[in-house]
Amino acid sequence: MGDVMLTAMSEEPLDLAAHLAAVSTSATGAVATFTGQVRDHSPDAAGPVVRLEYSAHPDAAQALAQIAAEVVAAHDDVRVAVSHRTGVLDVGDVAILACAASSHRDLAFTVCRELVEQVKARLPVWKKQVLDDGSHTWVGSA
C-alpha cells in the first residue's frame, strides 16, 4: 500500500519543494509532478480569462485527503502529496500541485495522473472565471 504524505487546501501559493520533500525518500527512484496553472483562455469562456476565483466546500480538505487515500490504497510502493488553491488566482498562478513518488517511473506517472484526474472529478471546488470585459462564468467542480 502507498502513503499519503501531504494534502492541503490553501489560500497561499503552493510550494513545489515542500511537496517533493514530502514524497521523497532514499528508496525513491522517480517523482512525477503535475502543476496546474491558470491559463488566459477556456473553451467555455466567451473571451480572454484574466483571473480565477476558487471557492471550496467546508469539507474540501477532508475530501482531498480521502481522494488521495483512495488513490494510494490501490498501489504499492507509492507516496503522494497534493494541494489545491482557493481564493483569487491570476493567470500563471498554480491552482493544483500533485506529486507521486515510487521506485519506478511508470508507477509514479500513473499515480500522479490518477490523483489529478480524481481530484478534478471529485473535489468540491468551484471556479469563477473572470473575463477581460469584467463578465464571469462559473465552472462546476475544478
*Asks:* Looking at side-chain heavy atoms only, is the closest gap between P13 and R85 below 4.5 Å?
*Replies:* yes
*Asks:* Out of curiosity, H84 NE2 to T7 OG1, how far, rounded to the nearest 0.5 Å?
*Replies:* 13.0 Å
*Asks:* Quick check for you: to the nearest 0.5 Å, what is the distance between R39 atom CZ and D93 atom CG?
*Replies:* 14.5 Å
*Asks:* Surrounding CD of Q62 (heavy atoms of other residues, nucleotides or ligands, distance under 6.0 Å), is the total greater than 12?
*Replies:* no
*Asks:* Do D59 and P124 have side chains that get closer than 4.5 Å, going by heavy atoms?
*Replies:* no
*Asks:* Can you get from M9 to V38 by hopping between Ile, Leu, Val, Met, Phe, Trp and Tyr side chains that sit under 4.5 Å apart?
*Replies:* yes
*Asks:* State yes or no: do V130 and V125 share one hydrophobic cluster built from I, L, V, M, F, W and Y residues joined by side-chain heavy-atom distances below 4.5 Å, directly or via other members?
*Replies:* no
*Asks:* Does S24 reach the main-chain N or O of A21 with its side chain, forming a donor-acceptor pair under 3.5 Å?
*Replies:* no
*Asks:* Got a second to check how far K120's NZ is from I67's CD1, nearest 0.5 Å?
*Replies:* 12.0 Å
*Asks:* Taking all atoms of both residues into account, what is the closest heavy-atom pair of A32 and C112, and its distance?
*Replies:* O-SG, 3.6 Å
*Asks:* Are the side chains of C99 and L115 in touch, meaning some heavy atoms are under 4.5 Å apart?
*Replies:* no
*Asks:* Rounded to the nearest 0.5 Å, how far does CZ of R51 lie from CG of L131?
*Replies:* 10.0 Å
*Asks:* How close do V94 and I96 get, counting heavy atoms only, and between which atoms?
*Replies:* CG1-O, 3.4 Å
*Asks:* Counting only N and O atoms by type, is there a donor-acceptor contact under 3.5 Å from the side chain of D133 to the main-chain atoms of S135?
*Replies:* yes
*Asks:* How long is the straight-line distance from CG of L89 back to CD of E53, given to the nearest 0.5 Å?
*Replies:* 9.5 Å
*Asks:* Should L14 and V80 be regarded as members of a common hydrophobic cluster, given that ILVMFWY residues are connected when their side-chain heavy atoms come within less than 4.5 Å of each other, either directly or indirectly?
*Replies:* no
*Asks:* Does V4 belong to the same Ile/Leu/Val/Met/Phe/Trp/Tyr cluster as L107, with side-chain heavy atoms less than 4.5 Å apart forming each link?
*Replies:* yes
*Asks:* For a 4.5 angstrom cut-off between non-hydrogen side-chain atoms, does V71 reach V111?
*Replies:* yes
*Asks:* Quick one, V23 and H19 - any side-chain contact, counting heavy atoms below 4.5 Å?
*Replies:* no
*Asks:* Considering all heavy atoms of both residues, which atom of A22 and which atom of R79 are nearest to each other, and what is their separation?
*Replies:* O-NH2, 3.1 Å
*Asks:* Would you call S102 and D77 a side-chain contact if the rule is heavy atoms closer than 4.5 Å?
*Replies:* yes
*Asks:* Compare all side-chain heavy atoms of L64 with those of V82 and state whether any distance is below 4.5 angstrom.
*Replies:* yes
*Asks:* Looking only at non-hydrogen atoms, find the nearest pair between L20 and V31 and report the distance.
*Replies:* CD2-CG1, 3.6 Å
*Asks:* Going from CG on L123 to CD on Q118, what distance comes out if it is rounded to the nearest 0.5 angstrom?
*Replies:* 11.5 Å
*Asks:* Honestly curious: do V119 and V78 fall in one hydrophobic cluster under the side-chain, below-4.5 Å linking rule?
*Replies:* yes
